[in-house]
Amino acid sequence: MDLTLSADELAFRDDFRAWIADHHPGSPPSNVEERYYWRLEWLRELNRGGFAAMHWPSEYGGRGATAMLNAVFFTELARAGAPIPANHIATFMAGPTIMQWGTQEQKERYLAPMLRADNVWCQGFSEPGAGSDLAAVATFAAREGDEFVVNGQKVWTSEAQYAHFCLLVTRTDRSVAQHKGLTYFILDMSSPGITRRPLRQLTGESEFNELFFDNVRIPASSVIGEVGNGWRVAMTTLMHERSMIGAGYGIRLRNYLTVVESHLRAHGLLDDPIVADRFTDLEIRTRALELSALRQISEAQARGSVGSEGSILKLMWSDTYSRLAEFAIETVGPDALEDASGWAWEYLRSRASTIEGGTSDILRNIVADRVLGLPRAR
Amino acid sequence: MDLTLSADELAFRDDFRAWIADHHPGSPPSNVEERYYWRLEWLRELNRGGFAAMHWPSEYGGRGATAMLNAVFFTELARAGAPIPANHIATFMAGPTIMQWGTQEQKERYLAPMLRADNVWCQGFSEPGAGSDLAAVATFAAREGDEFVVNGQKVWTSEAQYAHFCLLVTRTDRSVAQHKGLTYFILDMSSPGITRRPLRQLTGESEFNELFFDNVRIPASSVIGEVGNGWRVAMTTLMHERSMIGAGYGIRLRNYLTVVESHLRAHGLLDDPIVADRFTDLEIRTRALELSALRQISEAQARGSVGSEGSILKLMWSDTYSRLAEFAIETVGPDALEDASGWAWEYLRSRASTIEGGTSDILRNIVADRVLGLPRAR
Amino acid sequence: MRFMLSDEQSAIQDMAREVLAAESTFDRVRSAGEERQYDSELWALQRSMGWPGVGVPQRWGGQGLGLVELSVIAEECGYACSSTPLLGTILAATSLVSAASSEQCERYLPSLAAGEVRGAVALTADSTPVPDAGEAGLIVVLEGSGGRVSLQPAQPVETIDPTLRYGRVVDPSAGEPLNQSPIAYDSTLVVVSAHQLGLAQRALDLSVAYTSVREQFGVPVATFQAVSHRLAQAHVDLTAARSLVYHAAWAVQVGDSEASASAARAKAWLAEASRTVTGSAIHAHGGIGFTWEANLHWLFKRATMLGPYLGGARQHRSRLLDMLGTAQTTSHETDHS
Amino acid sequence: MRFMLSDEQSAIQDMAREVLAAESTFDRVRSAGEERQYDSELWALQRSMGWPGVGVPQRWGGQGLGLVELSVIAEECGYACSSTPLLGTILAATSLVSAASSEQCERYLPSLAAGEVRGAVALTADSTPVPDAGEAGLIVVLEGSGGRVSLQPAQPVETIDPTLRYGRVVDPSAGEPLNQSPIAYDSTLVVVSAHQLGLAQRALDLSVAYTSVREQFGVPVATFQAVSHRLAQAHVDLTAARSLVYHAAWAVQVGDSEASASAARAKAWLAEASRTVTGSAIHAHGGIGFTWEANLHWLFKRATMLGPYLGGARQHRSRLLDMLGTAQTTSHETDHS
């Protein structure tokens, strides 16, 4: 048990801290689209410094960083008030998946442009009829010679409005057991037959999209990891998604907590014992999440693999985030409910936290099943 | 909508209030067994006044009271600090079940002695392997001529140590669907082959018992409602159990809340804003339960039948009771955790509230299934 | 004793639900919300049916019905999440009925009862956005058991609930003083609680319907206890809510000694339960629940806005505790002969 | 950075669990509880293994290990719910190590480390029953960052947890003053939290095992989400608990700037989580869980007793808030170069 940074970690931290000081991207634009491109430019800048994908092997432009070093990276970003770079579906999901399952040609073609932000990626897993149930994917890819012809629909594809490529899970065989008939593709988003439709959320914004496929043709060379092997490839993607989650969750929550705390202190609201007690409970929950993320990184490193414990962090995050957003809107004052207030936005946005990226119900199934080893329902 | 008492209800209330004033049984003995017999004597006394089973038809010694009048009865008991009379398994479960399903001979033999407390009853439904699942009853009754021979085991039979008769659900046919092979008996507890063993609870006391049956012979004339019809008869018993529940729960909770409130006020503990806020929330929950019990009585009277809504009251009661017991032990002071304290007893006893008489999980199934009409899991 | 709606009251409920199901669909609510304008067609219909004057005595142009009937209407408007100035107008009319002099009643009630003037009710010491105050012609500002009636326009506020026009009182000391009447405040608490109950009941009903047909892993999602038990708990919480709201409506209406305590309980409970149940309905719907088109958000947003309005859960618990302290022995009597 | 037990620490944990699984079965715990006497055989064994002195420097007869190792032992004793005066004795020894003068250390530590004298730790301003004080020969009474060491016997108290001998300090002003040392209090908070973590972890493990085999309606009850999700949530809460406890152990051990805050967080969280998880285990077991023989109650009762001991959740949240106020900018740094 030793929570001090190693010499390497310290050296990196000092380097990166100095680098950020010289390259800080400043304040975010207020327009949603401009903000996205600003974060994409920030990815390019990080890439010039060699910081775009810390955890990638150096042969692909990364630093072969340990998960712990990656956590240091994110902590420094947060400390400097710098944004999380855009295109994380590329750097955290598409990249590692292609490294593990892709052909040499695919690696050469796709990996490097991700870090230069020349390729923006989105993820086409969820469907209206499937939701949390990947095995129920219905979007069908029919083989025709050297091509597959895709018809169907995806939902909840974030950043599809910017994306050049999509990680697409389809069904290619309806005659075998559900999760065996899946195939995983890289889809060029400029292919004819793709319709992108923004999905308006209860916040009024559209972070997500629906994608419709009408006879979209994909070359067979764009299959990742063999026809019929889509389930396993998709699991790789999801595991990488979960492995990046811990540090990111902790930072989001801590930053928000700090904003709430500053407001409460500035307005003397912590003099109210009930407010004080609830706030401090939320601080403890936030710290517990940060520490649990670090602990899981240590354990994953020792074990050499990422496990299902990311589900635990996600559950902690969504629970604490929802509580914090409710607490804030009840506590900060009567302006909180006004349309333009940041408090209102966080409060509304927090309602998605128990749904997006695996509903809390599904995650508790995973914890029960894979962590506790309880017998499965069906 | 009119929550004032009717003229009849008012007249009864005034009569009964005056009667109690003349017949009050005084303070309870501290010994558990003596207290039970004291409550049994109170049943006899009530019976002499004609109050032993308000809801029974007058031909059996009751008053044909509406559920609302019965609620008035219980409210007056609580107001006077008089105990709930013993033998409620007879008056609220065995009696109504025999009235509905019993033969003329059974009615004549069993009903009247219940109110005189000459017959004490217990309920043999639960089994170690069955728990909440009545259809899984394994205690077997094999027919031999005019008799059945019973072997098996029951648990959680409260007051079996005092009982002369037991409402016994057994399996008589293993070849048909689980809930079709059941038969319901009246078992004479003096029959040879019955072993009663007290079941020690985490409070250290033994409210409940285990019953073991070793070739216990029951005459076929003791079947209630036909061989193979046990499931339906048992449902009648359980429905009557639930119908008595509302008023009783409200009274128990309100009396306990009043004790807590007096203590808090006497020690100035309500000056603490967190304590005050929690206490008041519990008062609201208690009042909501009392009012919901009254509302359900009104609705059941209008509809002419008792529904599954008793489950809702039980859920409210166990939730509020557990919260109140925890609140009390955290709040009343450092003596609360001492062995002999009433606070400690309530706290420990409250842990059974989400288990006994239908676990909260089963009750939520019932609400989901029968009240909300959601599709069933299996 | 009969603790349920009378046949007449049930008939009012059925009629209101039927009318609103046809004339206040979520399509209508959504377009009102998106345009940030009331549904003027629905408002005209509600006026033609006399709803603004349901609780106003007949001599001032109303229907002269009681607080229970008013609560039924308010609940159904919550159930439909309808976008009209009805809530503020009945709140203003109700508080004037009990706190205005007969001269003031004469002056203000007929136009409120007819819906010619739109009303709202605010508290002096509270800057929580007031529903329907944004376009109200008359605002009752309550303070303690007294208050004032003011014709000064409020400052409009755009809130997270664009289906009602919220506002803040500019000068709480403006307007004519009213008589002392604790019932004015209690009545408004009951009406708002009833509206919140309707919002939550609708969210639960939508969830029951959706999860019964939506399939995941080959079965309706409602067959998973994670879903069904959450909805069952919501039903339990709304059973408590309904008992508290309608007991309060009756108690305030008949002047029962428990009236103020009961109104405080109802508002305290609904301030939390309405938001919790509507929020939990969003979760029960999964990803769809978070979309604009799912319509659940209108219920959730309004439930959120009405939580702190006229005092939130904590304030009413604190008021209740004071009342319990002074009326300890009588507060839980169910008989009031 | 390595936020997990070292191989040596894991070995201590494995050894402790193995010994206690054999020598502190629930049969032994139950008979100690029923007789209201410590398990003297187990205590002799713990003494022979040097556990009372795990955290005592070698020059005073101990093993000179750190707070992390001490927490591991405390957690395992909680896991076994063992009935010996070990908890009080290591608490007393630990607080003396940091707050006693070397002359006092010389005088008191060797006998505590050897288990010849049994110890306990109390707070001056608190009459919560103190575990192991009922038969302790030495009591450290902490007050602020100072305190006293007293040889005066405590007043025995029979509590709901008869597996430990509780007591109350008779005269908090008796005894010799100690040096000022905030670490004394922080260390005791960590050790008690670790013990509470062990209690809860055992309750969860028992529930996982039981619900995996116990059948209802023809399937293991753990296949019902009402059961499995409750256990999953308990696991999430204990994941948080473990992170907080072992971070606090490390931070106090190395004198990290976050030490006191981290200790307060651990105690605040465990005071509630330990009771909640052990209580929820009783429910998960159904009727069996409520019986004397199910043994869960020993865990639940001790978790309840230790909740308010050395300050409950509210007190530690309040302390934490004060610390956050004064050290706002550094409190959430994870690097401490």
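By convention in this document, chain letters (A, B, ...) are assigned in the order of the sequence lines, proteins followed by strands, and residues within each chain are numbered from 1.
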Answer key: most heavy-atom pairs under 4.5 Å with chain C among A:N365, A:L199, A:T354 is A:T354
Residues C:F300 and A:R351: closest non-hydrogen pair is CZ-CD, 3.4 Å
Does the pair A:D339 and C:R36 meet the rule for a side chain to side chain contact (heavy atoms under 4.5 Å, CB included), with working shown?
CA-CA 12 Å; A:D339 200 25; C:R36 296 186 176 272; 2.7 Å; yes
Whatever's closer than 4.5 Å to a heavy atom in chain A on C:E34 counts as side chain
### Task
For atom CZ of A:R232, decide whether the heavy atoms of other residues, nucleotides or ligands shown that lie under 6.0 angstrom number more than 12.
no
>> Pair C:R275, A:E330 - check side chain to side chain contact (heavy atoms under 4.5 Å, CB included), show working.
In response: CA-CA 12 Å; C:R275 203 184 61 183; A:E330 284 179 22; 2.7 Å; yes
*asked:* Is there a side-chain contact between A:L202 and C:T291 in this structure, where contact means two heavy atoms from C-beta onward sitting under 4.5 Å apart?
replied: no
Test side chain to side chain contact (heavy atoms under 4.5 Å, CB included), reference A:L337, set C:D161, C:T304, C:V157, output is C:T304
Looking only at C:G286, C:P162, C:G218, most heavy-atom pairs under 4.5 Å shared with chain A are made by C:G286
Rounded to the nearest 0.5 Å, the CG atom of A:D335 sits from the CZ atom of C:R168 at a distance of 5.0 Å
Per-residue tally against chain C (heavy atom, under 4.5 Å) across A:Q201, A:Q178, A:R200, A:E356 peaks at A:R200
Turns out that what part of A:A135 lies under 4.5 Å from chain C's heavy atoms comes down to neither
pair C:W292-A:E205: side-chain heavy atoms closer than 4.5 Å:
no
On a heavy-atom basis, the closest approach of A:W156 and C:G287 is CH2-O, 2.7 Å
TODO: Before giving the answer on side chain to side chain contact (heavy atoms under 4.5 Å, CB included), spell out for A:I362 and C:F217 the whole-Å C-alpha distance, their side-chain angles and the decisive distance to 0.1 Å.
DONE: CA-CA 11 Å; A:I362 296 292; C:F217 307 100; 3.7 Å; yes
> Above 12 or not: heavy atoms from other molecules or residues under 6.0 Å from CD of C:E215?
Replying inline: yes
When the 4.5 angstrom heavy-atom criterion is applied to C:S280 and chain A, the contacting part is backbone
Most heavy-atom pairs under 4.5 Å with chain C, out of A:S206, A:A136, A:A336, A:P334, belong to A:P334
Max heavy-atom pairs within cutoff under 4.5 Å with chain A, candidates C:H283, C:K301, C:H285, goes to C:H283
Highest number of heavy-atom pairs under 4.5 Å with chain C among A:I329, A:L348, A:T203, A:V155 belongs to A:L348
One option among C:P129, C:A294, C:G279, C:P308 has the most heavy-atom pairs under 4.5 Å with chain A, and it is C:G279
Interface check, chain A: of C:H297, C:R230, C:R314, most non-hydrogen pairs under 4.5 Å belong to C:R314
